[in-house]
Amino acid sequence: KSNEGSATVVGLALEKQQVIFVLQKVGSCKKVQAALLSECVALSIDLDMLMLCPSHSTQQDIQFGISLEDEAKAEQLLADLSSLFSFTYSKERQFSKLSLVGLGLQHHTSITTEVLSFLADLQVTVRMVHSSVCKISLMVPSDKVDFVCPLLYQHFVATQPVAALI
């Protein structure tokens, strides 16, 4: 999309204790995705940052994040779905969802690139990235957030002129 107009980062949001699930070698991707989404709604699992990743010629991986409090429900759901749809899954703990919140962010890919470059310079590995009109969300290792949050704030928020924040 066009980088016309302005973008402003006005703050950070942090959700600690996230779990990333990865469904591997999913053959019926659309069916699995539909079943996963409908069952998450039925079980009140707050699924976040759902991403499809090509893995093999006829299969894809599906990855998503959830809060630690929903881990047991998600684990049971995936056990049921994996036996029904014949895929494997794994989980990764110790992640936090860090979001830069603002206006016009989706149309300014340079901001996402700058954030990723900034974190790479700090040797912080980003596991997942999602951008929308009002935020850029990243899954980062939980042990890095106390170090990274003040630096991101200083670099992206504190440098904004006051008029841009109003």
(request) Mind running side chain to side chain contact (heavy atoms under 4.5 Å, CB included) on Leu23 and Asp61 for me, showing each step along the way? (result) CA-CA 5 Å; Leu23 287 55; Asp61 290 349; over 6 Å; no
(request) Compare all side-chain heavy atoms of Leu12 with those of Leu100 and state whether any distance is below 4.5 angstrom. (result) yes
(request) May I have all residue pairs that pass ring pair (Phe, Tyr, Trp, His ring centres under 6.0 Å) and include part of residues 28-54, sequence neighbours excluded? (result) none
(request) Flag the pair Leu81 / Phe87 as yes when at least one side-chain heavy-atom distance between them is below 4.5 Å, and no otherwise. (result) yes
(message) Taking the side chain as everything from C-beta on, heavy atoms only, tell me whether Ile136 gets closer than 4.5 Å to Ile111.
(response) yes
(message) Any non-hydrogen side-chain atom of Val22 less than 4.5 Å from a side-chain atom of Tyr89?
(response) no
(request) Give a yes or no on whether Phe95 and Val124 share a hydrophobic cluster (residues Ile, Leu, Val, Met, Phe, Trp, Tyr; joining criterion: side-chain heavy atoms under 4.5 Å apart). (result) no
(message) I'd like to know whether Thr125 forms a side chain to side chain contact (heavy atoms under 4.5 Å, CB included) with Val140, so could you lay out the CA-CA distance, the side-chain angles of the two residues, the decisive distance to 0.1 Å, and finally the verdict.
(response) CA-CA 6 Å; Thr125 303; Val140 298; over 6 Å; no
(message) Please check this pair: side chain of Lys73 against backbone of Ile45, looking for a donor-acceptor N/O pair closer than 3.5 Å.
(response) no
(request) Kindly state each residue pair satisfying side chain to side chain donor-acceptor pair (under 3.5 Å) with at least one member in residues 9-18, sequence neighbours excluded. (result) Glu15-Lys97
(message) Show me the pairs that pass salt bridge (charged side-chain N to carboxylate O under 4.0 Å, His left out) and involve residues 81-93, at least two apart or across chains.
(response) Glu71-Lys91, Glu71-Arg93, Glu75-Lys91, Glu92-Arg127
(message) Applying the side chain to side chain contact (heavy atoms under 4.5 Å, CB included) criterion to Leu77, which one of Leu47, Leu36, Asp70 satisfies it?
(response) Leu36
(message) What I'd like to find out is whether the side chain of Phe64 reaches to under 4.5 Å of the side chain of Ile20, using heavy atoms alone.
(response) no
(request) Could you tell me whether the side chains of Ser96 and Ser142 share a donor-acceptor contact shorter than 3.5 Å? (result) yes
(message) Rounded to the nearest 0.5 Å, what separates atom CG in Leu119 from atom CG in Leu98?
(response) 7.5 Å
(request) Applying side chain to side chain contact (heavy atoms under 4.5 Å, CB included), run through Leu78 and Phe21 and close with a yes or a no. (result) CA-CA 9 Å; Leu78 291 178; Phe21 280 95; 3.3 Å; yes
(message) Quick check on the hydrophobic clustering: are Ile62 and Met139 connected, directly or via other members, by side-chain heavy-atom contacts under 4.5 Å?
(response) no
(request) Nearest 0.5 Å please: distance from the OG atom of Ser82 over to the NZ atom of Lys25. (result) 14.5 Å
(request) Would you check if Lys31 and Phe85 make a side-chain contact, meaning some heavy-atom pair closer than 4.5 Å? (result) yes
(message) Going by the rule salt bridge (Lys or Arg N to Asp or Glu O under 4.0 Å), which residues pair with Glu39 if we only count those two or more places apart in sequence or in a different chain?
(response) none
(request) Give, for atom CG of Asp121 and atom CG of Leu151, the distance between the pair rounded to the nearest 0.5 Å. (result) 11.5 Å
(message) Give me each pair satisfying ring pair (Phe, Tyr, Trp, His ring centres under 6.0 Å) with a member in residues 25-49, each pair once, sequence neighbours excluded.
(response) none
(request) Kindly compute the distance separating NE2 (His155) from CZ (Phe118), expressed to the nearest 0.5 Å. (result) 5.5 Å
(message) Listing request: all ring pair (Phe, Tyr, Trp, His ring centres under 6.0 Å) pairs with a residue in residues 121-151, at least two apart in sequence or in separate chains.
(response) none
(request) Spell out, yes or no, whether Leu84 and Leu37 are grouped together once hydrophobic residues are joined by side-chain heavy atoms under 4.5 Å, including indirect joins. (result) yes
(request) Is it possible for you to say whether Val41 and Val32 belong to one hydrophobic cluster, with membership spreading through side-chain heavy-atom contacts below 4.5 Å? (result) no
(message) Between Leu138 and Met128, is there a side-chain heavy-atom distance shorter than 4.5 Å?
(response) no
(request) Answer yes or no: is there a side-chain heavy-atom contact under 4.5 Å between Gln94 and Asp143? (result) no
